[in-house]
Amino acid sequence: MTRVIAHRGASGHRPEHSRSAYELAVELDADAIEPDLVPTRDGVLVLRHENEVSGTTDVADRPEFAHLRTTKTVDGQTVTGWFTEDFTWDELRTLRVRERLPALRPASAAHDGEESVLRLEDLLGILDAAPRPVGLVAEVKHAHFFEQAGFPMAQLLDDVLGSAGWRGDERLTIESFEKTVLRQLGSLATGGRLVYLQEARGSAADEVAAHGSAAPSWASERTDAALAGFAAEFHGISVDLRTLMAGVDTVAVDDPRPVRSAIVDRAHAAGLAVYTWTLRPENRFLPAPLRRGGDVAAHGDWERWFTSIVRTGVDGVFADHPDLAVRARSAVGGRA
């Protein structure tokens, strides 16, 4: 059965990575919750999609932190703003969270300023208190960048999981766009399922650091030989929807038969699970034939899109609205 993973919590309903987004995801029957992990200056792992936080907190309105605004190059991208690794945890915890896409999700933006930034420990507490088992799919962000800056992400994560009693927990999955940190976690015997994230194009930051322009692309790491090699050390791969649905006719996806996805079929044949991201119902994020009306924020024919994705036999989907993904999975029933 396809697992429904709440992407940054129920981030279609509440500001991402907020306590209410996580708690709502549990209420909406998500099988697991996905946080992104970045460090503070004193080595606390906090839950933000990126280490630059001006788009998801009120930091730009806080004059006491104006001196921390700076420009950095992170994984080849030049970014200006405020970065978690320049704040202590005591400083960062004073920030209030905001909706990242307020024009598309005004109902979520209505909750801006209500909550503060959380640590990984806070989410583990929410999961431990849940009325049923809910998994954790933790994404380690920018591992090579942080390693160079003095933040050993694998060790920091292993320490938190060990202290909270989560090392080796059956609920645990760890993912990253970089293989190096996943292998480090394997060496630490952190446990859990290790999943290698892959973009449609480009190369992983750790590979670029090691090989420069000769770094293998993510696309080249989806050959049958590469997949077979990964199966010896990783539980699965996670690919974007474009890669998952390549060649699928999105107009005719309401047929009840299974939808053939080449990457799902080939990865499964190699012994790897396959995950995909991100299911979103707004017209802005849907294939053109499934958009309805002219409002980019309105929901299009998301059910046709979501059910077609589930029918590929994919092992897990990341969704901003976990309730809608659960509905789509129910609609497919046993046919996936």
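- A donor-acceptor distance shorter than 3.5 angstrom exists from the side chain of Arg132 to the backbone of Val26, with no hydrogens or angles considered.
- Comment: Glu175 does not engage Arg193 in a salt bridge, judged by the lack of any side-chain N to carboxylate O separation of less than 4.0 angstrom.
- Follow the hydrophobic side-chain contacts under 4.5 Å out from Val79 and you reach Val59 in the same cluster.
- A donor-acceptor contact shorter than 3.5 Å is absent between the side chain of Glu34 and the backbone of Val137.
- With hydrophobic clusters built from ILVMFWY side chains whose heavy atoms lie under 4.5 angstrom apart, Val208 does not share a cluster with Trp218.
- A pairwise comparison of heavy atoms in Val4 and Ala325 identifies CG1-CB, 3.7 Å as the closest pair.
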* **Pair Tyr196-Phe177, ring pair (Phe, Tyr, Trp, His ring centres under 6.0 Å): steps then yes or no** => CA-CA 6 Å; Tyr196 181 35; Phe177 283 102; 8.1 Å; no

* side-chain contact (heavy atoms from CB on, under 4.5 Å) between Leu92 and Thr57, intermediate numbers included -> CA-CA 10 Å; Leu92 198 71; Thr57 73; over 6 Å; no

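- By the 30° and 60° cut-offs, the orientation of the rings of Phe151 relative to Phe146 is perpendicular.
- Test Val314, Asp31, Asp315, Val317 against Arg3 for side-chain contact (heavy atoms from CB on, under 4.5 Å) and you get one pass: Asp31.
- Val53 and Leu123 end up in the same hydrophobic cluster when Ile, Leu, Val, Met, Phe, Trp and Tyr side chains are linked at under 4.5 Å.
- One N or O on the side chain of Glu178 and one on the backbone of His144 form a donor-acceptor pair closer than 3.5 Å.
- The closest side-chain donor-acceptor pair between Asp42 and Thr40 falls under 3.5 angstrom.
- At least one side-chain heavy atom of Ser238 sits less than 4.5 Å from a side-chain heavy atom of Trp277.
- With hydrogens and angles disregarded, no donor-acceptor distance shorter than 3.5 Å links the side chain of Ser11 to the backbone of Arg8.
- Side-chain atoms of Gln198 never come within 3.5 Å of backbone atoms of Ile237 as a donor-acceptor pair (strictly under, hydrogens ignored).
- Side-chain contact check for His17 versus Arg100: every heavy-atom pair is 4.5 Å or farther apart.
- Cation-pi check for Arg171 over Trp166 is met; the charged atom lies under 6.0 angstrom from the ring centroid and within 45 degrees of its normal.
- What you find for Ala267 and Val274 is that their closest heavy atoms are CB-CG2, 3.4 Å.
- Counting heavy atoms from C-beta outward, Arg96 and Asp112 have side chains that stay 4.5 Å or more apart.
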* Test His7 against His49 for ring pair (Phe, Tyr, Trp, His ring centres under 6.0 Å), laying out the working first. => CA-CA 10 Å; His7 185 236; His49 174 54; 7.0 Å; no

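- Contact check on Lys72 versus Asp86 returns a salt bridge, with a Lys/Arg side-chain nitrogen under 4.0 Å from an Asp/Glu carboxylate oxygen.
- Residues Leu47 and Asp36 are not in side-chain contact: their nearest non-hydrogen atoms beyond the backbone lie 4.5 Å or more apart.
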* Go through the steps to decide whether Arg167 and Asp158 satisfy the test salt bridge (Lys or Arg N to Asp or Glu O under 4.0 Å), and finish with yes or no. => CA-CA 7 Å; Arg167 188 183 288 120; Asp158 184 72; 3.0 Å; yes

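- Of the N and O atoms on the side chains of His142 and Asp75, at least one donor lies less than 3.5 Å from an acceptor on the other residue.
- Using a 4.5 Å cut-off between side-chain heavy atoms of Ile, Leu, Val, Met, Phe, Trp and Tyr, with links allowed through other members, Phe318 and Leu24 fall into different hydrophobic clusters.
- For the atom pair Arg304 CZ and Ile309 CD1, the distance stands at 13.0 Å (nearest 0.5 Å).
- Contact between Val134 and Ala32 at its shortest, heavy atoms only, is CG1-CA, 3.9 Å.
- Of all heavy-atom pairs between Leu182 and Ile174, the closest is CD2-O, 3.8 Å.
- Separating the CZ atom in Arg327 from the NE2 atom in His321 is a distance of 11.0 Å, to the nearest 0.5 Å.
- With contacts defined as side-chain heavy-atom distances shorter than 4.5 Å, the pair Arg260/Val248 does not qualify.
- A distance of 10.0 Å separates OG in Ser203 from NE2 in His211, rounded to the nearest 0.5 Å.
- Placement of Val44 and Val117 within a single hydrophobic cluster is found when ILVMFWY residues are connected by side-chain heavy-atom separations under 4.5 Å, directly or transitively.
- The distance from the CG atom of Leu156 to the CG atom of Leu37 is 10.0 Å, given to the nearest 0.5 Å.
- Within the 4.5 Å cutoff, the side chain of Phe285 has no heavy atoms near those of the Asp320 side chain.
- A donor-acceptor pair shorter than 3.5 Å can be found between the side chains of His111 and Glu114.
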* Check step by step if side-chain contact (heavy atoms from CB on, under 4.5 Å) holds for Glu233 and Leu194. => CA-CA 8 Å; Glu233 53 184 343; Leu194 300 178; over 6 Å; no

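- Side chain of Ser220 to backbone of Pro216: no donor-acceptor contact under 3.5 angstrom is found.
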* Asked: Do Leu244 and Val264 pass the side-chain contact (heavy atoms from CB on, under 4.5 Å) test, and can you show the C-alpha distance, the side-chain angles, and the key distance before you say yes or no?
  -> CA-CA 7 Å; Leu244 184 90; Val264 170; 3.4 Å; yes

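- Distance alone, capped at 3.5 Å, places no donor-acceptor pair between the Asp206 side chain and the Ala143 backbone.
- Between the side chains of Ser176 and Glu139, no donor N or O sits under 3.5 Å from an acceptor N or O.
- Open room surrounds CZ on Arg201; 12 or fewer heavy atoms of other groups in view lie less than 6.0 Å from it.
- Under 3.5 Å, the side chains of Ser54 and Glu52 contain a donor-acceptor pair of N or O atoms.
- Side-chain contact annotation: Ser108 with Glu99, donor-acceptor N/O pair under 3.5 Å present.
- Thr190 OG1 to Leu161 CG: the interatomic distance, rounded to the nearest 0.5 Å, is 6.5 Å.
- Counting heavy atoms from C-beta on, the side chains of Thr80 and Arg69 come closer than 4.5 Å.
- Listed by chain and number, the residues in a salt bridge (Lys or Arg N to Asp or Glu O under 4.0 Å) with Arg62 are Asp58, Glu64 (sequence neighbours excluded).
- Between atom CD of residue Gln77 and atom CD of residue Glu50 there is a gap of 10.0 Å, rounded to the nearest 0.5 Å.
- Taking the side chain as every heavy atom from C-beta outward, Arg311 and Phe306 never approach each other to under 4.5 Å.
- The backbone N or O of Ala200 sits less than 3.5 Å from a side-chain atom of Arg222, completing a donor-acceptor pair.
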* Can Asp122 and Tyr22 be said to form a side-chain contact (heavy atoms from CB on, under 4.5 Å), step by step? -> CA-CA 10 Å; Asp122 300 317; Tyr22 294 139; over 6 Å; no

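- Side chain of Thr94 to main chain of Asp90: no donor-acceptor pair is present (N/O by atom type, distance under 3.5 Å, no hydrogens or angles).
- In plain terms, the two heavy atoms of Phe87 and Phe83 that are nearest each other are CD1-O, 3.1 Å.
- Remark: the backbone N or O of Asp295 is paired with a side-chain donor or acceptor of Asn283 at under 3.5 angstrom.
- Of all heavy-atom pairs between Lys179 and Phe230, the closest is CD-CE2, 3.6 Å.
- Side-chain contact of Asn51 with Thr84: a donor-acceptor pair under 3.5 Å is absent, judged by distance alone.
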